[in-house]
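The block underneath contains the structure these notes are about, expressed in structure tokens.
So that the names make sense, note that chain A is the first sequence line, chain B the second, and so on, each numbered from 1.
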Protein chains: 2
Amino acid sequence: MYELLNQKIREKISLTDDEFQICKQAFVPKTLHKHQYLLQQDDVARYLAFVNEGALRMFASGEKNGEIVIQFAFPGWWITDNFSFLTGEPTVYNIQALENTSVLLIGKQAWEDLFDKVPKLERYFRILLQNNYIATQRRLVSSLCQTAEEKYLSLIKAQPDIIQRVPQHMIASYLGITPETLSRIRKQASYTR
Amino acid sequence: MYELLNQKIREKISLTDDEFQICKQAFVPKTLHKHQYLLQQDDVARYLAFVNEGALRMFASGEKNGEIVIQFAFPGWWITDNFSFLTGEPTVYNIQALENTSVLLIGKQAWEDLFDKVPKLERYFRILLQNNYIATQRRLVSSLCQTAEEKYLSLIKAQPDIIQRVPQHMIASYLGITPETLSRIRKQASYTR
DNA sequence: TGCATTTCTTATTCTATATCAATGCGCGGC
DNA sequence: GCCGCGCATTGATATAGAATAAGAAATGCA
């Protein structure tokens, strides 16, 4: 249950077994069935979630543009709406399970208390956020200056596994293109291959 | 010289005067004249920079698409290519002064040593990165689902000062649109006002 | 096993924005 | 004080990708 969490933290920082025990206690396990929501628009993001098994998507349900997928989360990843989680303001996003999913939740207060109990974790989360920041900045650059096809090819390169795991129209939405365009790109790309 | 740094850190965490003295010593001041580069493509980002005065831009010099502006930095902001700074890989970006500018530089080693000397700073940088992550994610969403005009209006709302301070074609590049399109948007927006 | 729902593909039309080209103008340098 | 050049504006044309509309596959579920 907590094995993946243990492993992921220890990839970035070293932790005694006692320290990890304290961590563990701050989390509450939760399972979500396919399509179930972990967070809905206008609610407050009370938890930061660590994904154990399954897959989730965070999306914005835009007025006109239908839904746009902001990020996916797979086992070993963290997900929440950071803004809402930090400020306590209602979120504008939704987080939904794409499969039956198991997560570990930690509330804001428990999260902050945990930093006092295990100060090393500040470093862990700093590193995590730094990586997320880098990845998001890359996606931004890709979105600003690549064509639809280039975006798709970059994604395949960076995350080949995603393609298998989530439906094509969500990939399209994640790339900021329509499902039709993605379909055409795939067709064309398969000829040139 | 170090006043703004002091103030900015103390906005997020509390620090004794001794602790701040230790911080100070890790930084090296540097001035850049207008157009001078702080970082150039293919070099390694050896420093994290805190902006004291002036303004900078980070941009990618794309093959076909000319230059695209990734971010600006004004007094009180931090700037570097995080990926290169963290990994030691050569950067694909450039950082250039838009005006005569004064910065405080800290090298990677000094930065990491500083966390051991003043552990509270882990928290400061965690918070900083969290905010950057949130801001970049917002920009990504804006870039994925807003029209050129909406992007421009959002920017005016979020950072009215930017418009005065940097040339219009750089704003266009930052928004991912052409200078011509921005010019037309501005013209039209001024009528409807 | 068969129907319903979701997902993917294909074709056609339409639109926002890019691209190309020309003109104007303000500012810094000499 | 004039010149030159980068920057902004404006107009004409081109184009990538959106919107719309169907139909074909695939998947799940009763």
Side-chain angles (χ1 to χ4, degrees), chain A residues 33-36 54-55 57 59-60 62-69 72 96-100 142-156 162-193, chain B residues 33-36 55 57 59 61-69 72 96-100 141-156 162-193:
Chain A
H33 53 256
K34 188 172 177 173
H35 300 310
Q36 193 178 344
R57 73 200 250 247
F59 65 97
E63 320 66 83
K64 45 188 182 302
N65 343 278
E67 296 177 351
I68 78 133
V69 175
F72 296 107
Q96 188 190 31
L98 298 178
E99 313 168 1
N100 293 336
S142 150
S143 138
L144 288 176
C145 69
Q146 292 189 306
T147 64
E149 180 168 10
E150 287 167 340
K151 287 177 207 173
Y152 176 66
L153 295 175
S154 307
L155 179 64
I156 295 190
I162 284 194
I163 315 291
Q164 325 305 323
R165 200 150 186 182
V166 324
Q168 206 168 299
H169 68 274
M170 288 187 192
I171 302 279
S173 167
Y174 180 76
L175 294 174
I177 63 182
T178 58
E180 292 90 339
T181 299
L182 181 55
S183 177
R184 258 177 254 126
I185 287 169
R186 283 167 52 89
K187 184 185 173 188
Q188 197 205 320
S190 69
Y191 289 146
T192 50
R193 217 187 300 133
Chain B
H33 54 255
K34 188 173 177 172
H35 299 310
Q36 194 178 343
R57 73 200 249 248
F59 66 96
S61 200
E63 321 65 81
K64 43 188 184 305
N65 344 278
E67 297 177 351
I68 79 132
V69 175
F72 296 107
Q96 188 191 31
L98 298 178
E99 314 168 0
N100 293 336
V141 172
S142 150
S143 138
L144 288 176
C145 69
Q146 291 189 305
T147 64
E149 180 169 11
E150 287 167 342
K151 288 178 205 172
Y152 176 65
L153 295 176
S154 307
L155 180 63
I156 296 190
I162 284 194
I163 316 290
Q164 325 304 324
R165 200 150 186 181
V166 325
Q168 206 167 299
H169 69 274
M170 288 187 192
I171 302 279
S173 167
Y174 180 76
L175 294 175
I177 62 181
T178 58
E180 292 92 333
T181 298
L182 180 55
S183 175
R184 281 185 262 261
I185 286 168
R186 282 167 52 90
K187 185 182 171 189
Q188 197 205 320
S190 68
Y191 291 145
T192 48
R193 220 187 298 131

Of residues 171-180 of chain A, the positions that come close to DNA chain D - non-hydrogen atoms, cut-off under 4.0 Å: A:Gly176, A:Ile177, A:Thr178, A:Glu180
Take the protein atom CZ of B:Arg186 and the nucleotide atom C1' of D:dT9, then report the distance between them rounded to whole Å. 11 Å
Can you measure A:Leu182 atom CG to D:dA18 atom C1' for me and round it to whole angstrom units? 14 Å
What does the inter-axis angle of the helix from C:dT1-D:dA30 to C:dC30-D:dG1 come out as, five pairs per end, nearest 10 degrees? 50°
Starting from P on D:dA16, measure out to CD on A:Gln146 and report it in whole angstrom. 16 Å
Between C:dT10 (C1') and A:Ile185 (CD1): distance, integer Å: 15 Å
Are OP1 or OP2 of D:dT9 and a side-chain N or O of B:Lys187 less than 4.0 angstrom apart? no
Any side-chain to backbone donor/acceptor pair from B:Ser173 onto B:Val69? Under 3.5 Å, distance only. yes
Rounding to an integer number of Å, can you tell me how far B:Glu149 CD sits from C:dA16 C1'? 12 Å
Counting only side-chain N and O atoms of A:Gln168, is one of them less than 4.0 Å from OP1 or OP2 of C:dT6? no
Would A:Lys151 and A:Leu155 count as a side chain to side chain contact (heavy atoms under 4.5 Å, CB included) if you check the C-alpha gap in whole Å, the side-chain angles of each, and the deciding distance to 0.1 Å? CA-CA 6 Å; A:Lys151 287 177 207 173; A:Leu155 179 64; over 6 Å; no
List in chain and number order the residues that pass side-chain hydrogen bond (donor to acceptor under 3.5 Å, both in side chains) with B:Glu99, two or more places apart in sequence or in another chain; answer none if no residue qualifies. B:Arg165
Is it true that the side chains of B:Arg57 and B:Tyr174 contain a donor and an acceptor less than 3.5 Å apart? no
Donor-acceptor pair, side chain of B:Gln146 and main chain of B:Ser143, under 3.5 angstrom: no
Please report the distance, rounded to the nearest Å, between OH in B:Tyr152 and P in C:dT17. 15 Å
Quick one: does B:Leu182's side chain get under 4.5 Å of B:Gln168's, heavy atoms only? yes
Does the B:Ser154 side chain pair with the main chain of B:Glu150, one donor and one acceptor, at a distance under 3.5 Å? yes
For A:Leu144 and B:Leu175, what are the C-alpha separation, side-chain angles and deciding distance, and is it a side chain to side chain contact (heavy atoms under 4.5 Å, CB included)? CA-CA 8 Å; A:Leu144 288 176; B:Leu175 294 175; over 6 Å; no
For B:Phe59, ring pair (Phe, Tyr, Trp, His ring centres under 6.0 Å) partners two or more places apart: none
Spacing of A:Ile68 atom CD1 relative to D:dG17 atom C1', expressed in whole Å: 17 Å
Per nearest nucleotide of DNA chain D, the residue lying toward the 5' end, B:Arg184 or B:His169, is B:His169
If you compare every side-chain N and O of A:Thr181 against the phosphate oxygens of D:dA18 (OP1, OP2), does one of them come in below 4.0 Å? yes
Quick one: A:Gln188 CD to C:dT10 P, roughly how many Å, whole number? 12 Å
Under 3.5 Å, which protein N or O atoms sit close to an N or O of nucleotides 28-30 of chain C? Give each pair with its distance.
none

Compare all side-chain heavy atoms of A:Gln188 with those of A:Arg184 and state whether any distance is below 4.5 angstrom. no
Please identify each residue that fulfils side-chain hydrogen bond (donor to acceptor under 3.5 Å, both in side chains) with A:Ser183, with sequence neighbours left out. none
Expected output: side-chain A:Gln96 to main-chain A:Gln36 donor-acceptor under 3.5 Å: no
